[in-house]
Structure formats: C-alpha cells, structure tokens
There are 2 protein chains.
Amino acid sequence: MTLNVVALTVDLVLLTIRREALQVLLIRRGIPPYQDRWALPGGFVLDDEDLDAAAARELREETGLDPERGHLEQLATYGGPGRDPRGRVVTVAYLALLPDLPAPVPGSDAAVAAWRPVGETGELAFDHDRILADGLERARSRLEYTPLATRFCAPEFTVADLRTVYETVWRTRLDPRNFHRKVTGADGFIEPTGGTVIRDRGRPAQLYRRGPATHLHPPLLRQSPGSPSR
Amino acid sequence: MTLNVVALTVDLVLLTIRREALQVLLIRRGIPPYQDRWALPGGFVLDDEDLDAAAARELREETGLDPERGHLEQLATYGGPGRDPRGRVVTVAYLALLPDLPAPVPGSDAAVAAWRPVGETGELAFDHDRILADGLERARSRLEYTPLATRFCAPEFTVADLRTVYETVWRTRLDPRNFHRKVTGADGFIEPTGGTVIRDRGRPAQLYRRGPATHLHPPLLRQSPGSPSR
DNA sequence: CCAAAAGTGTTTTATGTACACCCATGA
DNA sequence: TCATGGGTGTACATAAAACACTTTTGG
C-alpha cells in the first residue's frame with residue numbers, strides 16, 4: 001500500500017455581524033500558492049492536539065476572543081487530492097458565530113486580516129469559496145433550529161437586536177411583533193435580565209441574555225410552511 | 001514546528017432496515033488493537049483519492065452495493081490524539097442509508113462482517129460508539145427534512161413500507177392515514193408507478209418510486225411542535 | 001360475511017400571519 | 001403633542017391530529 005499520510009489543517013469560517021451586514025474574517029496571503037489572494041484563516045493541527053482544540057486555538061489567535069463567548073462547531077472536511085498544489089493537505093473546516101468585536105479585531109500577527117461582507121469576498125484561495133458557501137448555509141440553518149443567533153449578540157441584547165440578526169443572516173424582513181412573541185415564547189431561548197435600554201427614540205426595550213436551550217421548539221422557519229404551495 | 005502529518009482513514013456507518021429493525025454493519029477485528037471487538041467498517045484513504053471516493057469505494061467493498069442505490073454523505077471527522085493507540089489516525093466518518101440487501105450481504109473479504117441492530121452493538125472499538133451515535137442522530141434528523149427515507153426502500157415501495165421506515169428509525173408509531181396524506185402531498189417526495197401489490201391481506205397498495213425532491217417542504221416532524229410544552 | 005389493510009373525508013385543535021392598538025420615551 | 005420604536009390583543013387563514021368511514025382484497 002502507498003503511504004497514506006497527509007498534512008492536516010483546520011480552516012475557520014468566522015462570521016459576525018458588523019454594520020448591519022454578515023461579515024467573514026479573511027486573511028490576505030503573503031506567500032504562494034495563491035499569493036495576494038484572500039483566504040479563510042487557519043493553520044496546522046499540532047501533534048497531540050484535538051481537532052476542536054486546534055480550531056479554538058486558531059480562533060483565539062485570529063480574533064483574541066475567548067472561544068467561550070462565541071459558538072464554534074465542526075463544519076465539514078475537505079480533502080480532494082488537488083485542493084492544494086503543494087501536496088496532500090486535508091482540512092477540517094469549522095464554523096464560528098461571533099459577537100461584533102469592539103476591540104483590536106483583525107491582524108493579531110503579521111498577516112493582513114479583515115472583515116468582509118460575505119457577498120463581497122471575490123474569489124478566495126484554494127477551495128475556500130466552497131467552504132464559505134457551506135458555512136453560510138449551515139449558519140442559516142442553525143438559526144432555524146437552534147438558539148445560536150444569540151451568539152452574534154452582546155451578552156445583553158434586545159429583541160430587536162436579535163431580530164436584526166435573523167434579518168441580516170436570512171436577508172429577509174420579519175414582522176417585529178410576531179417575532180417578539182415567538183422568541184419570548186420559545187422555552188429557554190432568552191431570559192430577561194430586568195434592565196432596559198433606549199437605543200434611539202421610542203419606548204425602552206427589555207434586555208435579555210441567552211437561555212439554556214440548545215434546540216428550538218418550535219423552530220423559527222425561514223420560509224413559512226404554507227407559502228411555497230401558494 | 002513539529003511534524004503534523006497524520007494517517008487518514010474513512011469509517012462508515014452503514015444503516016439498513018432488516019427484520020423490522022434498524023441495523024448497522026459491523027466488522028469483527030482480527031488483529032490488535034481491539035482484537036475480537038466489533039468496529040465500523042473503514043480503511044485508509046489512498047493517495048490521490050478524494051474523501052467521497054474513498055467512502056464510496058469502501059461501501060462497494062463491504063457490501064457489493066452500487067453507491068448509487070443508497071445514500072452516502074459525510075458525517076464528521078474524528079481526530080483526537082488518543083483515539084488510536086498506534087498513533088495519530090484521523091478518520092472522516094460517512095453515513096449511508098441503504099436498502100435491505102437481498103444478496104451476499106456481509107463478508108466480501110476475509111473479515112467477519114454482520115448486520116446488528118443498533119441497540120445491540122455492545123462496546124465498539126476505538127471511538128466508534130460515539131461515531132455510531134452521531135450517525136444515528138443524523139439519520140433521524142435526515143428523515144425529518146429530506147426524502148432520504150426512500151433510500152431504505154426497494155426501488156418500488158408502498159406508503160406502508162415507507163411508514164415502517166419512519167417508525168423503525170424514530171421508534172414511534174405514526175397514524176397510517178395522516179402519514180399517507182403527508183407523503184403523497186409533499187411535492188416531489190414520491191411518485192406513483194401505476195402498479196399495485198398485495199402484501200398480506202387487504203386492499204392492494206399503490207406502488208411508488210422516489211421523486212426528484214432533495215428537501216421536504218413542509219418537513220415531517222418527529223415530535224409535534226406543540227407537544228413538548230404541554 | 002368477516003378480517004385486514006389501503007385510502008378518503010370531516011371535525012377539532014393548534015399554530016402562523018396580518019394588523020389594529022396601546023405604551024413609553026425623546027424632541 | 002408628535003414621531004418612533006416596544007410590546008399586546010385579536011381575527012383570520014392554514015395546517016396538523018384524531019378518527020369515522022369507504023374500498024378492496026383473502027379467507
């Protein structure tokens with residue numbers, strides 16, 4: 001049998017909401033292959049390092065964020081023999097949903113890093129266009145069946161903040177009144193903190209933190225079940 | 001940096017329905033580690049072989065089945081440093097939903113292979129208990145949102161056959177009348193062939209083949225949305 | 001004729017949607 | 001007091017659950 005060892009990396013699809021847009025963190029490559037092209041952040045898995053740990057380490061290196069503050073999950077693994085011209089490199093992609101980082105967001109080390117709206121990424125290096133597309137679809141789906149939308153928010157947030165997350169990720173408008181009822185009624189989704197804020201004008205909004213639920217019952221469906229047949 | 005090359009394998013969670021039970025294909029290991037323990041089938045990814053191709057090849061080797069007849073999808077990747085005592089072995093797990101194979105099902109090569117009900121597998125080798133559990137959960141979820149339940153059936157099947165799939169995988173009872181309406185009403189799920197069969201007694205049942213849909217709208221939910229809160 | 005399984009129709013109940021309406025604040 | 005956004009109540013449409021009932025076969 002031929003040698004079947006491969007180089008192993010993790011690549012990260014880091015998503016956040018900045019300036020009313022869904023954005024992804026990209027790194028400008030300084031060396032070939034794909035020099036000067038944008039790519040997803042990532043790096044090699046170390047010896048004796050678990051895959052999840054490698055992804056968490058990369059997340060911390062790239063953003064400075066404590067992995068606990070966001071959500072990090074394995075997305076899929078990409079291992080086509082031609083995906084890296086240097087040789088056989090298999091990458092385990094991870095998806096992260098992160099709050100808008102107020103601090104020194106990108107460029108912790110030398111490489112150039114930047115948040116870019118997901119629709120304006122150009123052509124990425126390697127097969128990263130495909131990985132990003134898979135990550136976006138996963139993120140949109142996660143918002144339907146899980147309470148992970150709160151991971152895009154600050155620790156305390158209003159129902160309107162949460163609705164903005166849904167509207168941004170799904171690229172739709174949602175009825176504020178029905179949305180309010182749904183999320184406050186879904187068991188364990190969000191919990192009131194007792195505080196209020198006034199964002200612009202208008203009546204003060206209640207503040208919430210994320211609740212203990214891991215799944216949404218019932219789900220918030222992107223497309224109303226009856227509408228496709230009409 | 002230390003050497004970060006790893007050995008890469010694919011492992012398969014092959015599911016089928018035999019004798020009214022959800023069963024998984026297992027291989028009895030003939031060599032250490034975990035000698036004489038049951039394990040998921042799998043093997044090394046070859047040089048210049050895509051991951052999906054490696055999984056399809058293993059599926060064909062283990063079952064003799066044309067991968068086109070079933071459904072094969074990537075499940076997740078497991079790469080904890082201690083998962084294989086021989087060294088760093090990362091495995092990409094795949095999930096397959098297969099029809100009941102009438103032919104020489106297991107044991108295409110020397111190793112002992114057998115279908116076993118998913119609840120009676122004992123303790124599997126490596127981290128295969130975890131992989132199997134993840135595969136089962138994925139399969140149960142797939143039946144809600146996709147028409148993949150038909151992959152457990154023969155090319156032509158009755159609505160009752162399809163209902164048995166759901167009841168077996170979900171371990172529930174479903175109302176035959178409402179189930180009939182749902183699946184015949186879901187767009188692109190199943191298509192009548194024109195033929196009929198009499199299985200035991202009773203009125204002949206229409207025969208169907210699987211339709212072109214890739215997703216179910218609306219989904220068939222395991223748990224009625226309102227029931228958990230009551 | 002009876003039992004059994006397939007399939008249809010109807011009632012009841014729950015859920016989603018649309019929207020009128022009130023509340024609490026800044027200007 | 002007006003504009004603005006937060007939040008509640010309610011009528012209507014739609015879909016699911018429960019189940020009575022008809023159809024079509026074998027024995």
*Quick one: Arg177(A) CZ to dT8(D) P, roughly how many Å, whole number?*
13 Å
*Taking CZ from Phe179(A) and C1' from dC19(C), how many angstroms apart are they, rounded to a whole number?*
19 Å
_Between P on dA16(D) and CG on Asp175(B), what's the gap in Å once rounded to a whole number?_
13 Å
*Rounded to the nearest angstrom, tell me the gap between atom CG in Leu216(A) and atom P in dG16(C).*
12 Å
*asked:* Both Arg201(A) and Lys182(A) contact DNA chain C. Which one's nearest nucleotide lies toward the 5' end?
replied: Lys182(A)
*Within less than 4.0 Å of OP1 or OP2 of dT8(D), is there a side-chain N or O belonging to His180(A)?*
yes
*Tell me, do Phe126(A) and Leu40(A) make a side-chain contact under 4.5 Å, heavy atoms counted?*
no
*Looking at dG9(D), does its base get a donor-acceptor pair with the side chain of Arg181(A) below 3.5 Å?*
yes
*When the distance from CG of Asn178(A) to P of dC21(C) is rounded to whole Å, what number comes out?*
17 Å
*Could you check how far CG of Leu221(A) sits from C1' of dA15(D), rounded to whole Å?*
13 Å
*Grab the CG-P distance between Leu220(A) and dT15(C) for me, whole Å please.*
14 Å
_4.5 Å side-chain heavy-atom contact, Leu216(A) and Tyr145(A)_ = no
*Report the C-alpha separation of Thr164(B) and Asp161(B) in whole Å, then their side-chain angles, then the decisive distance to 0.1 Å, and conclude whether the side chain to side chain donor-acceptor pair (under 3.5 Å) test is met.*
CA-CA 5 Å; Thr164(B) 302; Asp161(B) 293 338; 5.5 Å; no
_I want to check something: taking the side chain as every heavy atom from C-beta on, are Pro176(B) and Arg163(B) in contact at a cut-off of under 4.5 Å?_
yes
*asked:* Can you measure Gln206(A) atom CD to dA24(C) atom P for me and round it to whole angstrom units?
replied: 11 Å
*asked:* Using a distance-only criterion (donor-acceptor N/O pair, under 3.5 Å, no hydrogens), is the base of dA5(C) paired with the side chain of Arg203(B)?
replied: no
*Want to settle it: does Tyr208(B) or Gly202(B) sit nearer the 5' end of DNA chain C, counting the closest nucleotide to each?*
Gly202(B)
